[in-house]
Amino acid sequence: MRPTPAASLLLMLPAALLAAGCARQPGESVAATADGPLGVVATTGMVADLVREVGGDAVEVTQIMGAGVDPHLYKATRDDVQTILDADAVFYSGLMLEGKMADTLVKVGRSRPVYAVTELIDESKLLEPDDAAGHPDPHVWMDVGAWSACVDAVAEALSELRPDRAEAFAKRADAYAARLAELDQYVRRVVASVPAERRVLVTSHDAFNYFGRAYEIEVLGVQGLSTESEAGLRRVNELVSLLVTREAPAVFVESSVSPKNIQALVDGAASRGHAVKIGGELFSDAMGAAGTYEGTYVGMIDHNATTVARALGGDAPPGGMSGALAGAEEEAAR
Ligand code: ZN
């Protein structure tokens with residue numbers, strides 16, 4: 001495993017958090033004293049799943065944002081703040097994804113360890129779109145390879161909190177990284193099976209730039225990087241023209257964003273004589289329902305890749321990488 005000194009994890013935290021005084025003196029222990037599982041709070045489902053995978057039964061993860069919740073707009077409730085204050089440690093995605101929770105995270109950082117899982121991703125792997133004013137695109141989980149860098153980061157952080165379980169965390173991290181490598185290969189394969197001229201992914205907001213870069217598919221969103229921005233009529237018209245010109249067969253809605261902009265594209269294309277269908281619902285910034293395969297990171301990405309490939313004329317099994325997708329049952333029932 002890549003050695004990452006515990007101190008560097010903290011150094012990678014946003015300056016605001018450090019300024020708030022969460023940096024600890026060398027040698028100061030943060031190890032939990034109790035023998036029971038570590039109480040961890042995670043913001044998004046993707047982060048919660050990552051901590052669960054690496055932590056196993058040594059952690060008890062409380063996830064703040066459930067299925068269908070938009071992290072760009074989510075504000076911590078009074079209950080969330082209490083949950084966070086009761087936790088042994090807090091994990092969040094970072095890169096300004098949880099824009100409205102920043103103050104809460106800074107406040108909590110004064111009294112307990114707070115980790116941004118994306119902060120250890122090599123900067124060269126981050127996308128910095130022209131219109132983002134120098135901020136990296138936060139949607140890194142869409143590139144399975146880049147997201148894998150967070151696995152070690154979480155193992156290091158948990159080991160810092162529970163040194164006695166470090167070996168187990170390292171082992172689980174390695175096994176999970178191997179599974180992600182398999183997922184990465186699957187996504188690459190099915191996206192590549194879409195005919196080149198149809199390899200264009202149109203969605204509600206710019207959540208898929210990393211997906212596009214990693215798996216070589218052109219990606220366009222109606223809204224920008226954050227769902228806070230309004231979709232302009234001009235953008236809608238641009239995309240309609242592109243759909244018509246490219247004869248794109250499908251566009252996609254996102255589970256955490258209103259479908260109205262995507263419907264506007266479908267209607268716009270229809271008024272110009274081109275039928276484009278909604279190819280399915282993708283999980284962009286939130287995973288599927290808790291307790292389902294789509295409610296895990298692997299299931300979410302498997303669902304996205306399989307849905308996109310099939311709707312755009314590629315070759316992917318309805319059940320996805322391992323036959324676990326809900327689509328397999330629907331297909332069988334037909
Ligand atoms: Zn987003």
Side-chain angles (χ1 to χ4, degrees), residues 14 42-50 63-76 91-102 104-105 116-119 121 125-144 146-147 150 187 200-215 217-232 235-236 239 251-262 264-265 278-289 294-297 299-301 303-305 307-308:
T43 53
T44 68
M46 292 73 83
V47 175
D49 189 57
L50 184 54
Q63 178 183 328
I64 301 259
M65 303 175 202
V69 174
D70 181 340
H72 300 287
L73 304 180
Y74 189 82
K75 286 192 188 109
F91 287 76
Y92 69 108
S93 200
L95 303 176
M96 294 175 65
L97 174 74
E98 301 97 333
K100 310 258 177 196
M101 278 192 70
T104 307
L105 293 166
V117 300
T118 56
E119 298 288 337
I121 293 177
K125 299 236 167 76
L126 297 178
L127 288 171
E128 260 187 42
D130 297 338
D131 58 351
H135 296 300
D137 181 336
H139 305 90
V140 198
W141 56 90
M142 290 296 178
D143 173 350
V144 180
W147 186 245
C150 306
V187 177
V200 56
L201 174 58
V202 178
T203 62
S204 307
H205 86 299
D206 280 342
F208 292 85
N209 292 325
Y210 288 97
F211 187 87
R213 181 188 63 179
Y215 307 111
I217 179 168
E218 190 181 346
V219 166
L220 298 152
V222 186
Q223 282 173 284
L225 274 189
S226 170
T227 51
E228 267 189 290
S229 67
E230 285 289 324
R235 179 67 175 159
V236 170
L239 289 176
V251 290
F252 300 86
V253 295
E254 299 174 27
S255 68
S256 53
V257 184
S258 156
K260 77 173 193 297
N261 289 328
I262 292 300
L265 296 182
I278 292 183
E281 183 182 75
L282 304 182
F283 301 113
S284 53
D285 294 359
M287 309 192 305
E294 289 80 355
T296 66
Y297 172 72
M300 153 196 201
I301 299 292
H303 166 90
N304 286 352
T307 303
V308 168

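Each ligand, and each atom within it, is numbered from 1 in the order the structure gives. Remember, predicted model here, so these are calculated numbers, not experimental data.
Closer than 2.8 Å to the Zn ion (ligand 1) sit the protein N, O or S atoms H72 NE2, H139 NE2, H205 NE2, D285 OD2.
The distance between the ring centers of H303 and F283 falls below 6.0 angstrom.
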Check against side chain to side chain contact (heavy atoms under 4.5 Å, CB included), D206 and Q223
CA-CA 6 Å; D206 280 342; Q223 282 173 284; over 6 Å; no

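By the side chain to side chain contact (heavy atoms under 4.5 Å, CB included) test, S204 is found to be paired with E254, V257, I262, residues two or more places apart in sequence or in another chain being considered. For L126, the side chain to side chain contact (heavy atoms under 4.5 Å, CB included) test picks out L95, I121, E123, P136, V140, Y210, with sequence neighbours left out. Looking at residues two or more places apart in sequence or on another chain, you find a salt bridge (charged side-chain N to carboxylate O under 4.0 Å, His left out) between K100 and E228.
Side-chain atoms of H72 and D285 form a donor-acceptor pair, as typed in the model, at a separation below 3.5 Å.
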